[in-house]
Amino acid sequence: MTKDSSKVFLFIDNDPHPIAELETPIVFDLDTKKLTDGDHLLKIVSHSPSGNEGVRTINFTVANGPSIRIEGLKNKDVVDGTLSLMINAYDKGNQKSFLITGSETPQTIPFWIWIIVIIFAGWAVYYEITSAAVQ
């Protein structure tokens, strides 16, 4: 280590062994594919040439696995009887090409769209009746 640069140690979660020991400034590629999906903590410990220590922690969430979408049940819903669930899981690909197959989750039509369609159809019928009566 040169005397004019700081040294940093990178820790993931509560692992006592650092995943990297680097001299700054540095660009470091953190490969999240080696981590499980879910919440993690990155802890960076810095040692300056004068012997001072600094610590910074960053919470982050890894989501490398297939995305899971569900329709018909939300978090903390109170339910009874039989539930009809629409579940879709799709991968993000390799981030160099886009996967079209399964990347869209089909959804039911919201009730407010049905209301707009019914109102529009009612207006169209009313318009046809009134315009036919004028002629």
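Below, each value reflects all heavy atoms present in this structure, side chains not excepted, and no hydrogens, waters or symmetry copies.
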**Study point:** 4.5 Å side-chain heavy-atom contact, K74 and D77
**Key:** yes
Point to revise | Note, S5 side chain near P49 side chain (heavy atom, < 4.5 Å) | key: no
Check your understanding: So if you build clusters from Ile, Leu, Val, Met, Phe, Trp, Tyr with side-chain heavy-atom gaps below 4.5 Å, do I26 and I12 land together?
Key -> yes
Review point. Between V62 and F60, does a side-chain contact (heavy atoms from CB on, under 4.5 Å) hold up when you go through it step by step?
Key: CA-CA 7 Å; V62 173; F60 64 98; 3.6 Å; yes
**Study point:** Partners meeting ring pair (Phe, Tyr, Trp, His ring centres under 6.0 Å) with F28 (sequence neighbours left out)
**Key:** none
Practice item. Check the hydrophobic clustering (I, L, V, M, F, W, Y; side-chain heavy atoms under 4.5 Å; chains of links allowed) and say if I115 and V117 are grouped together. Key: yes
Exercise for review: Decide whether F9 and V55 are clustered together by the hydrophobic rule: side chain heavy atoms of Ile, Leu, Val, Met, Phe, Trp, Tyr closer than 4.5 Å, transitively.
Suggested key: yes
Exercise for review: Please name all residues satisfying ring pair (Phe, Tyr, Trp, His ring centres under 6.0 Å) with F120, sequence neighbours left out, ordered by chain then number.
Suggested key: W123
Exercise for review: Would you kindly confirm whether I119 and I113 end up in one hydrophobic cluster when ILVMFWY residues are joined by side chain heavy atoms under 4.5 Å apart?
Suggested key: yes
**Study point:** Apart from L41 itself, residues in the same hydrophobic cluster as defined by side-chain heavy atoms under 4.5 Å
**Key:** none
Check your understanding: Does any non-hydrogen side-chain atom of N59 lie less than 4.5 Å from one of L42?
Key -> no
Exercise for review: To the nearest 0.5 Å, tell me how far E53 CD sits from S48 OG.
Suggested key: 9.5 Å
Point to revise | Value rounded to 0.5 Å, distance of CG in N64 from OG1 in T36 | key: 9.5 Å
Practice item. Check the surroundings of atom CG in L73: do more than 12 heavy atoms from other residues, nucleotides or ligands lie under 6.0 Å from it? Key: yes
Tabulate below the donor-acceptor pairs under 3.5 Å that side-chain atoms of residues 14-22 make, not counting sequence neighbours, or state none.
from : atom 1 : to  : atom 2 : distance (Å)
D15  : OD1    : H17 : N      : 3.1
E21  : OE2    : K7  : NZ     : 2.8

Check your understanding: Can you tell me how far the CG atom of L35 sits from the NE2 atom of H40, to the nearest 0.5 Å?
Key -> 4.5 Å
Review point. In the single-linkage hydrophobic clustering (I, L, V, M, F, W, Y; side-chain heavy atoms under 4.5 Å), do L85 and V79 co-cluster?
Key: yes
Revision key, fill the gap. Sorted by chain and number, sequence neighbours left out, side chain to side chain contact (heavy atoms under 4.5 Å, CB included) with D39 holds for T61
Revision key, fill the gap. Applying ring pair (Phe, Tyr, Trp, His ring centres under 6.0 Å) to F11 and not counting sequence neighbours gives none
Exercise for review: Nearest 0.5 Å please: distance from the CD1 atom of I58 over to the NZ atom of K43.
Suggested key: 13.0 Å
